[in-house]
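Here is how names work: the chains are called A, B, and so on, in the same order as the sequence lines, proteins then strands, and each is numbered from 1. Nothing here was measured: the structure is a model prediction, and the numbers come from that model.
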Amino acid sequence: MKAAIATLEARLKQALVAAFGPDLAGADPLLVPASNPKFGDFQANGAMPLAKQLKDKPRAIAEKILAHLDVSDLCEPPEVAGPGFINLRLKTEYLERQLKAVQDSDRLGVEPAKEPQKVIVDFSSPNIAKEMHVGHLRSTIIGDSIARVLEFMGHDVLRLNHVGDWGTQFGMLITHLKESSPEALTSPESVDMGDLVAFYKEAKKRFDEDDAFKTRSREAVVALQSGDEAARTAWNALCEQSRREFQKIYDRLDIRIEERGESFYNSLLPAVVRDLENLGLLVENQGAKVVFAEGFINKDGDPLPLIIQKSDGGYNYATTDLAAVRQRTDKEGANRVVYVVDAGQSNHFEQVFQVAEKAGWVPENVELIHVPFGVVQGEDGKKFKTRSGETVRLKDLLDEAVERAQADMNSRIQAESREESPEFVQDVAEKVGIGAVKYSDLSQNRTSNYIFSYDKMLALQGNTAPYMLYAYVRVRGISRKGGIDFEHLPPDATVHLEDEAEFALARHLLQLDEVLEEVALELFPNRLCQYLFELSQKFNQFYDRCSVLQAEEPQRTSRLILCDLTARTLKLGLSLLGIQVLERM
RNA sequence: GGGUCCUUAGCUCAGGGGAUAGAGCAACCGCCUUCUAAGCGGUCGGUCACUGGUUCGAAUCCAGUAGGACCCGCCA
């Protein structure tokens, strides 16, 4: 309905000028969706703020606007209501025409962005030699969804996994690997370190307890950084092993991402220091080279430095992030760089962005955006942990969701005396379980903390993945039962809206383009979730009140078109959340 | 101490200047000889933390207060 909005807005502006003269050429008619369906489709609130300026009553102003407004091609006669709202209701024929156009469109009427951008979405970012855990859940799911939406809107998206593959901890890991599995140096592919977490813990334990080991580890860091072949090989083996583990999770979550870790930016770090120095931004502070960003002070009330180069000459993650900003704007030509990272790092990103701006590394057409999200909490409101108090591994979390989905399904199948193959149950449980984990995360406003609950996300009713998957399955059921091939409905078939439930569904279907545009701009996937949930509700109401297969023509085909549009919208919308639909469940 | 975010129905959350504040869950009451009832309808439930301010209009913007979470490491 973006087209309708654009047209109505233009007409309202014309009417304002026609009614009150060219002084109002810049006035905003304040056209917004109607706050309540009984007021129609849209309302223009522009009359009220003009009362003072025009020295007239808002209702009288609204009447004068109406006298100069011709929207009869789109709308029923507009009405003035309340303190001065102009209510606009789209004509049924217009809705029907739009629905037909959407049905004929392979993008469901969603226009790609007029000015496609190069967008980098930086998300997930686990650490090499550590396991993916619940802390990576939100970034991975939210980042993937944002990337999917931007891709669908026609932007050129580069998904980057800024993995932690560099830093001092690699000294102890390399040393421990060399000493526990020397064969890693000759044939790194053959090495299986087994449980990476255990490996990391062993290395850490030795590092903390054994001074000689600690010394060898420090030497290993130097060796690695100076390009020593053996250190490099060991490092590669560690990365390779981690990569395989990460990929299992990404495959299961159906996530594509390109690894470009911290090490990628190594060669660019000295230039960051040099250029900041040349710009006069770098300050010596207790032996370290730092930049003071404005507005940051530490616990003691002193200015908070952003450390660019440590007193020992090493770099840290601020340096890497700055190098990445430059590389992404210069070499990748990014217009937007989206960092999907927890809200705890807001300070860090503010500082880094500020320094990058000051240094002149952020061209005018480039936007650096931190997309923050809250922490995952258990149902007790505390940090989400296992019963024994350990960090929850992502693999275990997904397993449990799927297991619970499967148990649910089995009891249902039994209760309904259905016969289903184990493969079917397994497939449905996997998609429902994974979909539920993703949906419950995405459906919340990401800025707040997120209370994780298997029971709620897997609930069969309410704003959950299973509810929406079921709405989709219902359409597929109609297709099977009626032998309907939705791809080959009669091309000349048209939509005729009669029942209230049909109108509500139709109006909602037509809002997809607005919602996706908003999500692409604001980067809040929960808006899309809200839209899809409401769509499912409206479809279920329609399904309840309007029989489809038993209806007489032409109503039958008209309703089939509504079913088809619903299914395609759900499928597309869910796919942009990274959720796969099912034919049966 | 400084900073960021949060506080809306019993619970989990939407809504971020516009009409009477919305969902879901829970509780209670109805609806399956008819496309999967994993559904639909209804009832109950609110000092939008508090106090001021801005505005024709504030849950929404601003300031302050109270409570909560997180950040303030030469880790990433």
Closest nucleotide among [options] to the [X] side chain:
X       : options                : answer
F533(A) : A69(B), C35(B), G24(B) : G24(B)
K310(A) : A37(B), A19(B), C75(B) : C75(B)
I451(A) : A38(B), C35(B), C13(B) : C13(B)
V548(A) : A19(B), C35(B), C71(B) : C35(B)
Y543(A) : A37(B), G15(B), C40(B) : A37(B)

Report yes or no: is the cationic atom of R474(A) (NZ for Lys, CZ for Arg) closer than 6.0 Å to the six-membered ring centre of F539(A), at no more than 45° off its axis?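 No, cation not above the ring by the 6.0 Å, 45° rule.
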Is the NZ or CZ atom of R527(A) both under 6.0 Å from the centre of the six-membered ring of F524(A) and within 45° of that ring's axis? yes
Look at [X] and [N] and indicate whether a side-chain polar atom (N or O) is within less than 4.0 Å of OP1 or OP2.
X       : N      : answer
R474(A) : A37(B) : yes
Y450(A) : C70(B) : no
Q530(A) : A23(B) : no
R527(A) : G15(B) : yes

Taking only the [atom1] atom of each, what is the distance from [N] to [M] in whole angstrom?
N      : M      : atom1 : answer
G39(B) : C32(B) : C1'   : 10 Å
G15(B) : G22(B) : P     : 15 Å
U12(B) : C29(B) : P     : 26 Å
G53(B) : G46(B) : C1'   : 25 Å
A14(B) : U7(B)  : C1'   : 15 Å
U60(B) : G18(B) : C1'   : 11 Å
G67(B) : C31(B) : C1'   : 46 Å
C72(B) : G57(B) : P     : 44 Å

By the rule that syn is within 90° of 0, classify the base conformation of G41(B) as syn or anti.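 Classified anti.
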Checking one value: the base orientation of C40(B), syn if chi is within 90 degrees of 0, otherwise anti. anti
With no hydrogens and no angle check, just 3.5 Å: does a side-chain donor-acceptor pair link Y265(A) and D321(A)? no
Can you find an N or O donor on one side and an acceptor on the other, under 3.5 Å apart, linking the side chain of N540(A) with the base of A37(B)? no
Kindly say whether, by distance alone, the side chain of Q43(A) makes a donor-acceptor pair under 3.5 Å with the base of A19(B)? yes
Using a heavy-atom cut-off of 4.0 Å across all strands, would you classify [X] as base, sugar-phosphate, or nothing?
X       : answer
N347(A) : base
D342(A) : nothing
C529(A) : nothing
F39(A)  : base
V290(A) : nothing
R545(A) : nothing
S311(A) : base
Q377(A) : nothing
G482(A) : nothing
A81(A)  : base

Do any of [range] sit with a heavy atom less than 4.0 Å from RNA chain B, and if so which?
range                       : answer
residues 44-54 of chain A   : N45(A), M48(A), P49(A), K52(A)
residues 435-446 of chain A : Q444(A), N445(A)
residues 294-306 of chain A : I297(A), N298(A), K299(A), L304(A)

[X] side chain vs [Y] backbone, donor-acceptor pair below 3.5 Å:
X       : Y       : value
T319(A) : Y315(A) : no
N449(A) : V375(A) : yes
N298(A) : D302(A) : yes

Determine, step by step, whether D455(A) and R404(A) satisfy the salt bridge (Lys or Arg N to Asp or Glu O under 4.0 Å) criterion, reporting the C-alpha distance in whole Å, the side-chain angles of both residues, the deciding distance to 0.1 Å, and the verdict. CA-CA 9 Å; D455(A) 287 337; R404(A) 287 182 183 227; 3.3 Å; yes
Pair [X] and [Y], ring centroids less than 6.0 Å apart:
X       : Y       : answer
Y339(A) : F353(A) : yes
F85(A)  : F39(A)  : no
Y531(A) : H508(A) : yes
Y317(A) : H162(A) : no

Hunt down any stem RNA chain B takes part in, defined as 3 or more consecutive Watson-Crick or G-U pairs whose two distances are each under 3.5 Å.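 Output for stems: B:1-7 with B:66-72, B:10-13 with B:22-25, B:27-31 with B:39-43, B:49-53 with B:61-65.
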Given side chains that start at C-beta, do those of D41(A) and L88(A) come closer than 4.5 Å, heavy atoms only? no
Around atom NZ of K571(A), are there more than 12 heavy atoms from other residues, nucleotides or ligands closer than 6.0 Å? no
Apply side-chain hydrogen bond (donor to acceptor under 3.5 Å, both in side chains) to residues Y472(A) and S536(A) and explain how you reach the verdict. CA-CA 8 Å; Y472(A) 183 83; S536(A) 304; over 6 Å; no
Assign each of S479(A) and E350(A) to its nearest nucleotide of RNA chain B by heavy atoms, then name whichever residue's nucleotide is nearer the 5' end.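 Looking at RNA chain B, the more 5' nearest nucleotide goes with E350(A).
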Between the protein and nucleotides 25-27 of chain B, list every N/O to N/O distance that falls short of 3.5 Å.
none

How far apart are the C-alpha atoms of Q537(A) and Q541(A), what are their side-chain angles, what is the distance that settles it, and do they pass the side-chain hydrogen bond (donor to acceptor under 3.5 Å, both in side chains) test? CA-CA 6 Å; Q537(A) 282 184 310; Q541(A) 287 156 7; 5.7 Å; no
Test side-chain contact (heavy atoms from CB on, under 4.5 Å) on L137(A) and F452(A) and set out the steps. CA-CA 11 Å; L137(A) 180 70; F452(A) 189 95; 4.1 Å; yes
After noting the C-alpha distance and the side-chain angles of D441(A) and R138(A), does the key distance pass the salt bridge (Lys or Arg N to Asp or Glu O under 4.0 Å) rule? CA-CA 7 Å; D441(A) 197 329; R138(A) 302 202 78 188; 2.8 Å; yes
Using 30° and 60° as the class limits, which term best fits the ring planes of F170(A) and W235(A): parallel, tilted or perpendicular?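 Rings of F170(A) and W235(A): perpendicular, as their planes differ by over 60°.
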Could I get a table of every N or O pair under 3.5 Å where one atom is in the protein and the other is in nucleotides 29-34 of chain B?
from	atom 1	to	atom 2	distance (Å)
U34(B)	O2'	Q550(A)	NE2	2.7

Begin with the C-alpha distance, continue with both residues' side-chain angles, and end with the deciding distance and a verdict on salt bridge (Lys or Arg N to Asp or Glu O under 4.0 Å) for D208(A) and K214(A). CA-CA 7 Å; D208(A) 290 339; K214(A) 194 179 264 188; 5.5 Å; no
